[in-house]
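What follows is one structure encoded as structure tokens, with my remarks underneath.
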Amino acid sequence: MTGSRCPICLLGVPEPVLRSGVGFRVLCERCGTFVISELVLRRLQEVNLYHQERRVDNWRWSGAIRERNELGGEPVVSSLDQLDSMAPRSRDLLRCVDRLVMHVYRSTSDFDERVPVEPVMDYPVAFAKSPDEFLAILHAAKQLGYLDVVGETNDVPEVSLRTTGWRRVQQLNVDRAKADQAFVAMWFDPSVSEAYTEGIVPALQDCGYEPFRVDEPEHNGKIDDLIVAEIRRSGLLIADFTDHRGGVYFEAGLAMGLGIPVVWTCRADHIDRAHFDTRQYNHIVWETPVDLRTKLRNRVAATAPRGGPSRPV
């Protein structure tokens, strides 16, 4: 390991510490703490060194890692595809404002407390591309009535939640509570029944998610409508490609388009048939339900954790 810069945002950091069998643990004041494999670390160093003008996704990755830190998780990055899947591709100003409001909320102990925000260090909390864009998002939050801002033109403004902001936090917490559902897309065949009941279900429950499989509930509507509706309300999608069912590819693609994290899995004897368009994604290759449970729990905990510090509002 050479140099002492964060491989994501290039901020100066303490020398990363090698963790046996896992990778390097990086402590970045801007991105947060994360563990990254040596292979990914070296690849990012090459990109940052020779292709700085192409570092178009670093702000997304930085935001995703920072958000998971604030939710109480420490991401483990084992591939570039995994890193990419941690952050939604779609964003808009109001969503960025929401992320900023939630950061202020998580940093607040008292109702009247003012929280310092430093654009140079804190721009990832709003998934901003730069400190200047962060200030634009901060101004929008003020204009919407969510935040009081003192010293908006200073290097380190101080902000506090207004009543409207607390109301917005309450709504966002309700929405997040609904997103504890994990949609499971897989082959509905007896040969993989135990993989679901003994592998996927307990792994998701261990991580705070409630599994949903479309063949389980009774319903009167069109099955396609139910699938789309349930994917939209889910916070995570597990796509198991054993037997490579076309519906699983469709459901995974829909989730990606909606910015919902997707975890890719496949039984070992079927992975060689993975479609060309999805082969590059970091699949969990499993052999037994117990093996699937362990690997899936670790992947979800590292890339899409739930929980973390919370307070009633």
Side-chain angles (χ1 to χ4, degrees), residues 78-79 81-82 84-86 88-89 176-306:
S78 57
S79 74
D81 291 327
Q82 177 196 350
D84 197 52
S85 69
M86 289 167 59
R89 289 192 171 275
R176 195 177 78 171
K178 292 179 181 177
D180 64 355
Q181 175 172 286
F183 188 99
V184 180
M186 64 183 300
W187 184 25
F188 302 145
D189 186 81
S191 65
V192 290
S193 293
E194 287 191 6
Y196 178 69
T197 58
E198 305 298 326
I200 294 174
V201 170
L204 290 172
Q205 292 176 339
D206 288 346
C207 296
Y209 285 95
E210 188 59 37
F212 175 90
R213 203 169 74 164
V214 76
D215 66 323
E216 292 185 331
E218 298 292 338
H219 58 87
N220 294 319
K222 288 173 57 181
I223 190 69
D224 291 348
D225 293 341
L226 180 65
I227 289 171
V228 172
E230 293 299 334
I231 290 176
R232 284 185 179 276
R233 69 181 297 269
S234 297
L236 177 69
L237 186 138
I238 307 301
D240 185 80
F241 291 92
T242 304
D243 200 51
H244 300 281
R245 313 299 290 181
V248 177
Y249 283 94
F250 168 79
E251 290 152 19
L254 175 61
M256 292 180 68
L258 294 171
I260 297 169
V262 176
V263 175
W264 311 71
T265 72
C266 187
R267 201 169 67 194
D269 58 335
H270 285 241
I271 190 63
D272 288 343
R273 292 167 48 202
H275 193 277
F276 175 80
D277 290 339
T278 59
R279 195 176 301 159
Q280 73 272 21
Y281 290 103
N282 186 25
H283 289 66
I284 294 174
V285 180
W286 57 273
E287 296 184 356
T288 67
V290 173
D291 180 39
L292 175 57
R293 176 178 181 176
T294 300
K295 291 178 177 178
L296 181 59
R297 180 180 60 224
N298 292 340
R299 178 69 60 83
V300 172
T303 60
R306 284 190 53 77

Approximate separation, where rounding is to 0.5 Å, of [X] [atom1] and [Y] [atom2]:
X      : Y      : atom1 : atom2 : result
Glu251 : Ile227 : CD    : CD1   : 4.5 Å
Asp269 : Ile271 : CG    : CD1   : 10.0 Å
Ile260 : Arg233 : CD1   : CZ    : 11.0 Å
Thr278 : Tyr249 : OG1   : OH    : 4.0 Å
Arg299 : His283 : CZ    : NE2   : 10.0 Å

Any side-chain heavy-atom pair from [X] and [Y] closer than 4.5 angstrom?
X      : Y      : value
Lys295 : Thr265 : no
Asp240 : Val184 : no
Val214 : Glu230 : no
Cys266 : His244 : yes
His275 : Phe241 : no
Tyr196 : Val201 : yes
Met186 : Ile200 : yes
Arg267 : Trp286 : yes

Restricting to non-hydrogen atoms, name the atom on [X] and the atom on [Y] that form the minimum distance, rounded to 0.1 Å.
X      : Y      : value
Ala255 : Val262 : CB-CG2, 3.8 Å
Cys207 : Arg297 : SG-O, 3.5 Å
Trp187 : Thr242 : CB-O, 3.6 Å
Glu287 : Ala268 : CG-CB, 3.8 Å
Ala239 : Ala252 : CB-CB, 4.1 Å
Pro261 : Gly235 : CD-O, 3.5 Å

Legend entry - Asp243 (side chain) donor-acceptor with Arg245 (main chain) under 3.5 angstrom: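 Not at all, since once roles are kept as given, no pair shorter than 3.5 Å links the two residues.
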Inset, instruction - Tell me, yes or no, whether the heavy-atom count around Arg273 atom CZ, taken from other residues, nucleotides or ligands under 6.0 Å, exceeds 12. - result: yes
Inset, instruction - Please assess Leu204 against Leu236 for the test side-chain contact (heavy atoms from CB on, under 4.5 Å), listing each intermediate value before the final yes or no. - result: CA-CA 10 Å; Leu204 290 172; Leu236 177 69; 4.0 Å; yes
